[in-house]
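Just so you know, these numbers use all the heavy atoms, side chains as well, and skip hydrogens, waters and symmetry mates.
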There are 2 protein chains.
Amino acid sequence: MDAHGRVKSHGYRMTRQRRAVIEVFAEHPGRPLNPADVHLLASEKMPDIGLATVYRALELLCELDVVRRVHLHEEAQHYELNTGEHRHHLVCVSCRGVFPYRGCDLEELEERVRGESDFQVISHCLSIFGYCGECLASAKA
Amino acid sequence: MDAHGRVKSHGYRMTRQRRAVIEVFAEHPGRPLNPADVHLLASEKMPDIGLATVYRALELLCELDVVRRVHLHEEAQHYELNTGEHRHHLVCVSCRGVFPYRGCDLEELEERVRGESDFQVISHCLSIFGYCGECLASAKA
DNA sequence: GATAATATTGAGAATAATTCTCATTTATAT
DNA sequence: ATATAAATGAGAATTATTCTCAATATTATC
């Protein structure tokens with residue numbers, strides 16, 4: 001189901017503000033956005049949208065799994081559209097760029113956890129820090 | 001080198017406050033501590049230790065790799081002694097307990113990253129959320 | 001052990017992200 | 001079109017963390 005459907009089917013209203021926030025994500029793939037980014041971009045569509053509303057929309061959209069929280073270890077939280085694919089992020093410590101990492105095997109992780117402890121996995125978070133290709137290249141030059 | 005040596009060898013002073021913070025970690029293995037926890041526990045040894053000092057000590061000890069930051073996705077950061085072993089954490093969403101996870105193969109991760117993108121890994125952070133054995137057992141009962 | 005130089009500290013102010021409050025507005029079922 | 005309840009905007013409140021700066025304590029040197 002799409003974002004609109006997910007909001008409505010859970011009994012929430014599809015407000016102009018929520019639509020604007022969803023659109024902002026759709027129109028800005030690439031680096032995950034923080035609440036201030038989303039607020040700024042959404043303001044172009046809805047000049048009066050409040051920051052608190054953006055926070056509330058992000059919380060709701062996370063709950064509905066329309067967007068996902070991304071942990072970049074910066075001051076603010078970041079968010080990106082949930083593409084459905086299982087993925088994590090490569091974060092360049094030089095240019096702060098964020099790139100997808102698809103090499104995490106969920107079943108393998110769950111099996112390893114089971115193998116060493118009595119723990120039932122619900123979710124996990126992996127962030128990988130280092131240098132991206134572009135920064136590596138410019139360092140060599 | 002031990003904590004004391006690492007502080008001194010980098011030209012920092014071994015103050016009573018820093019010693020107290022280090023001792024607190026040594027005396028409280030188990031759940032990682034947040035700055036407020038450390039401040040409270042250190043206050044038992046040094047009643048006048050300030051919270052800002054605890055923050056500064058934690059920052060320094062992280063830099064020296066005496067302690068490591070642990071990302072539990074709670075409001076505050078958490079810290080634990082660096083045992084030297086490569087490990088991550090299993091976080092119980094029910095009792096908030098934190099348990100070590102040693103199943104992460106660093107070389108394998110680096111190889112997988114290299115396999116799918118031009119990125120040089122420096123560090124990574126993995127947190128696994130779910131139900132611990134004790135909470136699973138009490139849920140069944 | 002005393003002294004001087006300077007790193008460190010304590011206290012509280014400052015900052016910044018996030019959440020809360022509440023009167024007003026708006027989406028939607030009817 | 002209307003009623004109802006959900007959602008919003010604005011700013012206050014909260015909370016973790018950092019900063020400032022005068023006072024203090026560590027340590028190298030004598």
Side-chain angles (χ1 to χ4, degrees), chain A residues 3-24 32-64 66-79 96, chain B residues 3-24 32-64 66-79 96:
Chain A
H4 182 97
R6 264 183 267 190
V7 170
K8 298 304 298 284
S9 69
H10 285 78
Y12 297 106
R13 295 180 180 175
M14 179 47 73
T15 62
R16 289 178 303 131
Q17 291 84 345
R18 287 172 183 165
R19 207 188 326 273
V21 168
I22 293 165
E23 284 173 17
V24 160
L33 304 170
N34 66 30
D37 294 333
V38 175
H39 183 235
L40 188 66
L41 293 167
S43 295
E44 294 170 8
K45 301 168 181 295
M46 275 225 53
D48 291 337
I49 191 171
L51 181 56
T53 297
V54 170
Y55 272 94
R56 285 180 291 228
L58 291 173
E59 187 185 16
L60 178 68
L61 296 174
C62 265
E63 181 190 320
L64 299 177
V66 170
V67 303
R68 292 231 163 120
R69 243 177 276 268
V70 178
H71 297 267
L72 304 183
H73 296 191
E74 295 184 5
E75 330 68 47
Q77 293 270 21
H78 286 73
Y79 300 82
R96 299 257 104 207
Chain B
H4 182 97
R6 264 184 267 190
V7 170
K8 297 305 297 285
S9 70
H10 285 78
Y12 297 106
R13 296 180 180 176
M14 178 48 73
T15 62
R16 289 178 303 131
Q17 290 85 342
R18 287 172 182 164
R19 206 188 327 272
V21 168
I22 293 165
E23 283 174 16
V24 160
L33 304 171
N34 65 31
D37 294 333
V38 174
H39 182 235
L40 188 67
L41 293 167
S43 295
E44 295 170 7
K45 301 169 182 296
M46 275 224 54
D48 291 336
I49 190 171
L51 181 56
T53 297
V54 170
Y55 271 94
R56 285 181 290 228
L58 291 172
E59 188 186 14
L60 178 68
L61 296 174
C62 267
E63 182 190 318
L64 300 177
V66 171
V67 303
R68 292 232 162 117
R69 245 177 274 269
V70 177
H71 296 268
L72 304 183
H73 296 192
E74 294 184 6
E75 327 70 47
Q77 294 270 22
H78 287 73
Y79 300 83
R96 300 258 104 208

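Distance from the side chain of B:I49 is smallest for C:dG10 among the nucleotides C:dT26, C:dG10, D:dA25. When distances are taken from the side chain of B:M46 to each of C:dT9, C:dG10, D:dT27, the shortest belongs to C:dG10. The side chain of A:R18 lies closest to D:dT8, out of C:dG10, C:dT28, D:dT8.
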Legend entry - Worked check of side-chain contact (heavy atoms from CB on, under 4.5 Å) between A:E74 and A:N34: CA-CA 10 Å; A:E74 295 184 5; A:N34 66 30; 5.5 Å; no

Inset, instruction - Show the numbers, then the answer: is there a side-chain contact (heavy atoms from CB on, under 4.5 Å) between A:K45 and A:V24? - result: CA-CA 9 Å; A:K45 301 168 181 295; A:V24 160; 4.1 Å; yes

Inset, instruction - Tell me, with the steps shown, if B:L61 and B:Y79 meet side-chain contact (heavy atoms from CB on, under 4.5 Å). - result: CA-CA 10 Å; B:L61 296 174; B:Y79 300 83; over 6 Å; no

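Residue B:T53 places at least one side-chain N or O under 4.0 Å from the OP1 or OP2 atom of C:dG10. The shortest distance between the side-chain N/O atoms of B:Q17 and the OP1/OP2 oxygens of D:dT24 is not below 4.0 Å. Dashed line: the shortest gap from a side-chain N or O of A:K8 to OP1 or OP2 of C:dA27 is not under 4.0 Å. Between A:T15 and D:dA6 there is no side-chain N or O to OP1 or OP2 distance below 4.0 Å. Phosphate proximity of C:dA27 to A:R16: present, with a side-chain N or O under 4.0 Å from OP1 or OP2.
One finds the CZ atom of A:R69 at 9.5 Å from the NE2 atom of B:H73 (value rounded to the nearest 0.5 Å).
Whole-Å rounding puts the A:D48 CG to C:dT26 C1' distance at 14 Å. As rounded to whole Å, 14 Å separates atom C1' of D:dA7 from atom CD1 of A:I22. Rounding to whole angstrom units, CD of residue B:E74 and P of D:dT17 are separated by 11 Å. As a whole-Å value, the separation of B:R19 CZ from D:dT26 C1' is 10 Å. Rounded to a whole Å, the NE2 atom of B:H78 is 16 Å from the P atom of D:dT15. Remark: P of D:dA28 and CZ of B:R13 are 9 Å apart, rounded to the nearest angstrom. Atom NE2 of B:H73 and atom P of D:dA16 are 17 Å apart (whole Å). B:M14 has its CE atom 15 Å from the C1' atom of C:dT9, to the nearest Å.
Of the possible polar contacts, none joining the A:H39 side chain to the A:P35 backbone as a donor-acceptor pair under 3.5 Å is found.
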Legend entry - Base versus backbone protein contacts along nucleotides 13-25 of chain C [heavy-atom cut-off under 4.0 Å; B, S, -]: ----SBBBB----

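For the residue pair B:R18 and B:R13, the shortest heavy atom distance occurs at NH1-O, 2.7 Å.
Within 6.0 Å of atom CD in B:E59, 12 or fewer heavy atoms from other residues, nucleotides or ligands are found, so the atom counts as exposed in its surroundings.
Comparing A:V54 and B:Y12, the nucleotide of DNA chain D nearest to each residue sits closer to the 5' end for A:V54.
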